[in-house]
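Worth knowing before you read on, the calculation uses all heavy atoms, side chains too, and leaves out hydrogens, waters and symmetry mates.
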Amino acid sequence: MNKLITVVYFAIFREKAGISEEVISTTVNSTAELFRELKDRHKLNEPLGHCKVAINDDLADWESKIKDGDTVLLFPPVAGG
Amino acid sequence: MNKLITVVYFAIFREKAGISEEVISTTVNSTAELFRELKDRHKLNEPLGHCKVAINDDLADWESKIKDGDTVLLFPPVAGG
Amino acid sequence: MKVTSSGIDIAMCSQQLINSGAGAFAGFEGWVRNYNDGHKVLQLEYEVYTPIAESEGRKIIQEAKERFDILDAQGIHRSGLLEIGECAVWVGVSSVHRNEAFDACRYIIDHIKVRLPIWKKEYYENGDSGWVNCEQCAAAM
Amino acid sequence: MKVTSSGIDIAMCSQQLINSGAGAFAGFEGWVRNYNDGHKVLQLEYEVYTPIAESEGRKIIQEAKERFDILDAQGIHRSGLLEIGECAVWVGVSSVHRNEAFDACRYIIDHIKVRLPIWKKEYYENGDSGWVNCEQCAAAM
């Protein structure tokens, strides 16, 4: 079944995607699957292991499940400090 | 031969000796010998190994030789910071 | 833990950690450097996702309080454009004795750097810019 | 390394270590605590032999510069009467990367505490006073 997911892009991901967020219709179940789907479309070439993800403002991991209506935040490699 | 040595007392040593400095005439050769001589006179009961000594404004050790005219500073256990 | 778009008043921040039982304070400040990896940096921009940066920052501080015998700790991170020499991040820890303050301060800054959703874009003298730690932009330079 | 009988302006001190090549600053502040070894402290007095405190302090900072890859370091120690909560000693270190700043800062404060001719007399609530680290006064309490 298709889910409607809001995806938010940050920093280099936002620049690559050319948008800061979008709503997509997808059949994927996990954050990792979502990332792989978007990676090709938007040329998000950072290795998955260097990136982070959050669902509805809570940090998640790449095995986390996504459900209809979720907002998924895609974080490229961080560089605070 | 007797030497004239100026001895300066700090902190608890000054309080024990009741004076901040004095000129003494002594035959001792090293700082340790000087300390032992003054220890009894002024009840300087701190262990030698916990104390420091300086000669003419340079830190010395307890084997340092003293000579006529030197100023010897006797430092009880320090507690900076 | 706070994210702010204006200058960090370090004296005021550390003042807030002063406590009559505290004997030691360890602080860390990260300043904008003029060089990184051999490139002359003119300016720097931090993008921060504040809700998670602050909640994850508070979690790090809580972890530090559980691991080390400290009295209090705080952290502040800048967002937006910064000039060379400005303070980008500040961490302060108070404790009864000094070793714990140093250990906790180091723990907090180490974890801030790898766990908070903060990205740093450097603007170079030659007109280029790049997101630090991103392989794509590194490869493009 | 300086000894001063007036309040330490920490913001001004750390400002002097800011350098456009410095990315990291680690600082330590020692504050007067209200308790020591179970005794309530009302006030504290530092006696300092300034000529050697300053020369030995400069030596410690020089050693830190030789041992750790840092850019600059400074230290200030108070003398005279201090109230609870006042800053008694400040150490600041700037470096390109943070680990060196932390290591050097710790080295400097560790050595300041054991090598400088500085003595601390505490005045207690019960009217007694004592020189810290002196066995005689400890035994007398």
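- For the residue pair C:W31 and D:S14, the shortest heavy atom distance occurs at CH2-O, 4.1 Å.
- Residue C:K2 qualifies as open at atom NZ: its count of foreign heavy atoms under 6.0 Å is 12 or below.
- Using a 4.5 Å cut-off between heavy atoms, C:K40 does not touch chain D at all.
- Contacts from residues 85-110 of chain C to chain D, taken as heavy-atom pairs separated by less than 4.5 Å, involve C:G85, C:S94, C:V96, C:H97, C:R98, C:N99, C:F102, C:D103, C:C105, C:R106, C:I109, C:D110 in sequence order.
- If you measure heavy-atom distances from D:A11 to chain C, the contacts under 4.5 Å come from the side chain alone.
- Heavy atoms of C:I84 lying under 4.5 Å from chain D belong exclusively to its side chain.
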